[in-house]
Amino acid sequence: MKGNSPITRWWRSRLRDSDTGPSAWDSSGYFGDTADGMADRAAAGYDRPAQPDEAWRSDYSYDPAYEYQQDPYAPASYRTGWRRFVPVLGKRSRWWWLRKGLVAGFVLFLALVAWLAFTAPLSKSLEPLVPPQITLLAADGTPIARKGSVVDQPVQAAALPDHVIEPFLAIEDRRFYSHWGIDPRGLGRAVWANVSGGRVEGGSTITQQLAKFTFLTPERSMTRKAREMLIAFWLETWLTKDEILERYLSNAYFGDNVYGLRAASLHYFYRQPEKLKPAQAAMLAGLVQAPSRLNPVKHYARAEKRMRLVIGSMVAAGYITQGEADAMAAPRLDVRTESNLPTGTYFADWALPQARKLAGGGYARQTMSTTLDARLQSFARKAVGRAKLGEAQVALVAMRTNGEIVAMVGGKDYKASAFNRVTQAKRQPGSTFKLFVYLAALREGWEPEDTIDNSEIVKGSYRPKNARGRYSPTITLEDGLAQSSNVAAVRLLREVGDEAVIETARDLGVTAPLAKGDPSLALGTSNMTLLELTAAYAGVAANRFPVEPTAFPAEEPGWLDWLTDGKDSISGSDQASMERMLRSAINRGTGRAAMLPGPNYGKTGTTQDNRDALFVGYAGELVVGVWIGNDDNSSLGAISGGTTPARIWRDFMRQAQGLGAPKAPAPAPRPSDPGGPVEPMDVPDLDDIPDGDIPLGNGDARMRVEDDAVTVSTEIDGLPIELRVDQDGFRVSPAPGQPPTPRPPPDRREPADPRDRR
């Protein structure tokens with residue numbers, strides 16, 4: 001590297017153009033001791049001789065070990081490397097440091113403002129801390145539930161009398177109008193009181209309290225306290241004192257599920273805050289410290305004691321005299337907001353998020369009408385209550401074909417368990433999933449009369465069985481669905497492809513995970529909610545899907561909405577074929593216990609080891625799904641989809657259609673475990689029929705199945721009789737406990753003995 005190389009010339013230009021002057025560098029350190037270097041030093045104003053070992057006097061240090069190899073003046077031991085200029089921190093002027101500090105502080109300030117704007121937006125302090133109260137009504141206007149906290153409109157500081165504001169300032173923050181969000185004097189006074197063993201005090205200002213309950217969690221840590229102070233400065237910078245006070249009073253918690261001064265004054269004294277009396281305002285100001293412990297409804301003595309402390313603080317702050325304090329009597333409560341409405345039900349818990357979304361933000365309480373039909377909800381509870389369930393749980397949901405929920409029972413007892421088994425429990429649907437398999441086949445061109453192999457599967461790794469070995473060479477699609485044949489459903493899935501079946505389920509609104517390449521998919525081994533499954537059946541009933549379940553009236557689609565709402569449908573012939581098969585499942589298949597006088601359509605479902613039992617179907621405008629199971633996923637014993645769930649479905653539908661409830665309760669199930677690696681058929685065999693009489697039809701006819709006989713009891717013209725079929729043949733006799741049938745007396749006009757005839 002020469003003395004006048006490009007790098008050297010660049011460094012020369014840097015020095016020549018710098019404002020540090022020639023004294024900033026040692027001439028020998030940069031220019032070297034060549035002839036060119038000496039000339040350059042003279043041109044730059046360096047007139048003293050170069051000293052190779054002289055150190056630089058300013059920002060750079062010279063190491064002679066890296067002298068140019070070409071420098072003839074350097075000692076031989078130094079001619080082995082490059083001459084380097086190593087920058088080091090030298091002395092800086094205080095103005096330089098000040099300038100750099102201001103820049104760094106400004107950058108930090110911008111970052112802090114951006115962080116606060118994102119994590120602590122000022123608009124958030126204008127929102128209620130908790131969702132306001134919403135009262136849900138049934139479709140007929142009957143109140144069914146009230147959820148949320150008691151919240152009311154914000155207060156305006158200018159409209160509040162001094163005697164309403166002063167108690168809060170006296171007890172919470174006396175120097176509120178003179179500090180910048182943090183009060184060192186108040187903080188020191190609180191620390192001294194705590195350390196000296198006096199009463200426990202907090203050093204947080206009103207601004208800090210607003211920052212805490214608006215933006216932060218209630219954790220107790222130094223990090224949270226530091227953030228609280230930082231946000232307090234932020235609030236003080238951008239808001240006026242009155243705005244901070246208004247937001248504090250409008251959001252503070254006053255106990256009894258009441259938030260904000262306006263809601264508290266109406267709740268405890270039935271007065272607007274602008275009309276509060278001094279004693280009433282003092283009592284409310286005292287509640288902020290411990291709202292639950294000082295709740296005057298439950299602990300009036302504690303609230304009164306705290307009120308006296310507030311009044312004493314007002315005297316100390318100079319707001320009132322001691323005489324005025326002594327004359328201030330404890331106020332009387334005037335609570336008028338008691339309600340007997342439940343705060344939650346299965347339906348209300350599910351409807352509330354939708355209600356919040358429709359209601360939007362704000363402080364105002366709202367009343368919203370839902371689609372719940374109080375009459376149908378009563379029928380649903382009665383139908384579930386009449387069923388013999390033992391320890392099992394039950395769920396029922398009824399909706400219109402447009403998705404409007406009219407009845408919902410999420411379990412046997414909401415108080416015992418608020419877990420909603422309609423909307424939250426994800427269980428296997430069993431054979432009710434076969435709807436998607438057979439509908440996919442219809443969409444692929446199959447017909448109900450087409451046949452499919454119904455013989456036993458003896459090859460492959462997956463070999464499902466039909467219950468009790470019921471097979472045949474072939475079976476029609478209609479009979480396969482009606483009899484709930486497992487092998488036929490698996491083979492049909494293989495024929496149409498699992499992708500077509502999954503696509504059909506997705507079209508009908510199923511969002512649950514569905515496994516591809518799994519033949520057990522045809523038997524309903526993928527978990528989903530009862531609500532999702534019932535909505536899919538509603539899509540078939542309406543022939544417009546997907547159906548979205550809703551708790552609030554659905555808007556009637558306009559003529560253009562039919563083209564743009566993204567809903568689909570199947571051909572009229574495919575829908576008719578699907579309904580034909582679903583009706584066969586009830587009239588002569590596994591769902592005979594759900595049969596109604598009019599047209600009805602449905603499918604039973606029973607999962608492996610009888611862990612889940614379902615019936616889903618529709619009649620008229622109602623689509624109803626029923627599920628029975630144990631929360632621990634244990635076996636139900638003899639309960640299958642064609643027994644208790646089908647009877648509950650029929651019981652509810654009869655009442656909904658005005659046909660009345662059944663005259664006799666359903667028999668209790670006989671505990672047993674059929675076992676087996678796959679689900680049994682849903683239709684009960686003779687061995688599954690429990691002991692006791694079984695009702696037949698809609699009248700008083702009863703059937704009893706014994707080991708060697710079947711007996712039917714009924715009435716003919718009011719006369720109880722029994723029809724018995726056993727190994728001896730068919731016999732008709734009076735019902736047990738009835739006298740023998742009397743023979744008519746002989747006609748006196750004719751001799752009783754035939755030999756007397758002439």
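This chain uses plain numbering: 1 for the first residue, then up along the sequence. Bear in mind that the values here come from a model prediction, so they are computed numbers and not experimental data.
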For this session: Decide yes or no on side-chain contact (heavy atoms from CB on, under 4.5 Å) for M581 and M578, but give the supporting numbers first.
Result: CA-CA 5 Å; M581 292 190 289; M578 192 70 248; 3.9 Å; yes
For this session: Could you tell me the separation between the OG1 atom of T476 and the CD atom of E447, rounded to the nearest 0.5 Å?
Result: 12.0 Å
For this session: Indicate whether the side chain of T504 and that of R443 have a donor and an acceptor atom separated by less than 3.5 Å.
Result: yes
Problem set entry | Taking every non-hydrogen atom, the tightest pair across E579 and Y601 | O-CD2, 3.2 Å
Problem set entry | L137 vs L372, side-chain contact (heavy atoms from CB on, under 4.5 Å): CA-CA, chis, key distance, verdict | CA-CA 8 Å; L137 308 178; L372 191 76; over 6 Å; no
Exercise. Regarding K298 and S292, is there a side-chain donor-to-acceptor distance under 3.5 Å anywhere?
Worked result: no
Exercise. Can you name the nearest heavy-atom pair linking F552 to E404, along with the distance?
Worked result: O-CG, 4.4 Å
Exercise. How far does OG of S485 sit from CZ of R491, to the nearest 0.5 angstrom?
Worked result: 8.5 Å
Exercise. Is there a donor-acceptor contact under 3.5 Å from the side chain of T606 to the main chain of G641?
Worked result: yes
For this session: Apply side-chain hydrogen bond (donor to acceptor under 3.5 Å, both in side chains) to T590 and T604, showing your working.
Result: CA-CA 7 Å; T590 60; T604 58; 2.6 Å; yes
Exercise. Where do L614 and D612 come nearest, in terms of heavy atoms and distance?
Worked result: CD1-CB, 4.1 Å
For this session: Indicate yes or no for a side-chain donor-acceptor contact from N543 to the backbone of I570 under 3.5 Å, with no hydrogens or angles considered.
Result: yes
Problem set entry | Enclosure of E456 CD (heavy-atom neighbours >12, cutoff 6.0 Å) | yes
Exercise. Quick one: does D498's side chain have a donor or acceptor within less than 3.5 Å of a partner on K516's backbone?
Worked result: no
Seminar exercise, completed: When rounded to the nearest 0.5 Å, the distance separating CD1 of I648 from OG1 of T643 is 9.0 Å
For this session: Compare all side-chain heavy atoms of N630 with those of L636 and state whether any distance is below 4.5 angstrom.
Result: yes
For this session: For the residue pair V547 and V623, establish whether any side-chain heavy-atom pair is separated by less than 4.5 Å.
Result: no
For this session: Of all the heavy-atom pairs spanning A593 and G642, show the shortest one and how long it is.
Result: CB-O, 3.4 Å
For this session: Compare all side-chain heavy atoms of L521 with those of I502 and state whether any distance is below 4.5 angstrom.
Result: yes
Exercise. Would you say R421's side chain and G410's backbone share a donor-acceptor pair under 3.5 angstrom?
Worked result: yes
Exercise. Going by atom types alone, do S472 and N454 pair a side-chain donor with an acceptor below 3.5 Å?
Worked result: yes
Problem set entry | Distance-only donor-acceptor check, side chains R146 and T135, under 3.5 Å | yes
Exercise. Would you say the side chain of D349 lies within less than 4.5 Å of the side chain of K147, judging by non-hydrogen atoms?
Worked result: yes
For this session: With rounding to the nearest 0.5 Å, note down the distance linking OG1 in T644 to CZ in F615.
Result: 13.0 Å
For this session: Compare all side-chain heavy atoms of W627 with those of Q393 and state whether any distance is below 4.5 angstrom.
Result: yes
For this session: Output the distance between atom OG1 (T345) and atom CD (Q377), rounded to the nearest 0.5 Å.
Result: 7.5 Å
Exercise. Between V501 and L514, is a side-chain contact (heavy atoms from CB on, under 4.5 Å) present by the stated rule, with each step listed?
Worked result: CA-CA 10 Å; V501 173; L514 302 175; over 6 Å; no
For this session: Please test E478 against R588 for salt bridge (charged side-chain N to carboxylate O under 4.0 Å, His left out), starting from the C-alpha separation and ending with a verdict.
Result: CA-CA 11 Å; E478 182 176 354; R588 56 185 181 84; 3.1 Å; yes
Exercise. Distance from T423 atom OG1 to L530 atom CG, nearest 0.5 Å?
Worked result: 9.5 Å
Exercise. Would you say the side chain of R654 lies within less than 4.5 Å of the side chain of L596, judging by non-hydrogen atoms?
Worked result: yes
Exercise. Could you walk me through whether I405 and L531 pass the side-chain contact (heavy atoms from CB on, under 4.5 Å) check?
Worked result: CA-CA 10 Å; I405 303 298; L531 183 67; 3.9 Å; yes
Problem set entry | D651/K382 salt bridge by N-O under 4.0 Å criterion | no
For this session: Could you tell me which non-hydrogen atom of V624 sits nearest to which non-hydrogen atom of W649, and how far apart they are?
Result: O-NE1, 3.2 Å
Problem set entry | salt bridge (charged side-chain N to carboxylate O under 4.0 Å, His left out) partners for E449, two or more places apart | R580
Exercise. Are there more than 12 heavy atoms of other residues, nucleotides or ligands under 6.0 Å from atom CZ of R506?
Worked result: yes
For this session: State, yes or no, whether a side-chain contact exists between L435 and L533 at a heavy-atom distance under 4.5 Å.
Result: no
For this session: Check for a donor-acceptor pair, side chain of N633 on one end and backbone N or O of R611 on the other, with a separation under 3.5 Å.
Result: no
Exercise. Under 3.5 Å, is there a donor-acceptor pair linking the side chains of E621 and T401?
Worked result: yes
Problem set entry | Donor-acceptor contact present, side-chain N600 to main-chain M595, <3.5 Å | no
Exercise. Are side-chain N/O atoms of S635 and N610 paired as donor and acceptor at under 3.5 Å?
Worked result: no
Exercise. Is Q354 close to T370 at the side-chain level, that is, under 4.5 Å between some pair of heavy atoms?
Worked result: no
Problem set entry | Sidechain-backbone polar pair: R463 side chain, V458 backbone, donor-acceptor under 3.5 Å | yes
Exercise. Which pairs pass ring pair (Phe, Tyr, Trp, His ring centres under 6.0 Å) with one or both residues in residues 366-387, sequence neighbours excluded?
Worked result: none
For this session: Mark yes or no for whether K426, through its side chain, and T529, through its backbone, hold a donor-acceptor pair below 3.5 Å.
Result: no
Problem set entry | Electrostatic pair D140:R375 at N-O distance under 4.0 angstrom | no
Exercise. Of the non-hydrogen atoms in Y462 and I457, which two are nearest, and what is the gap between them?
Worked result: O-CG2, 4.0 Å
Exercise. Counting N and O atoms only, with roles assigned by atom type, does the side chain of K434 sit under 3.5 Å from a partner on the main chain of L481, one being a donor and the other an acceptor?
Worked result: no
For this session: Salt-bridge test for D453 and R494: reply yes if a basic N is under 4.0 Å from a carboxylate O, no otherwise.
Result: no
Exercise. Can you check whether K603's main-chain N or O pairs, donor with acceptor, with Y537's side chain at less than 3.5 Å?
Worked result: no
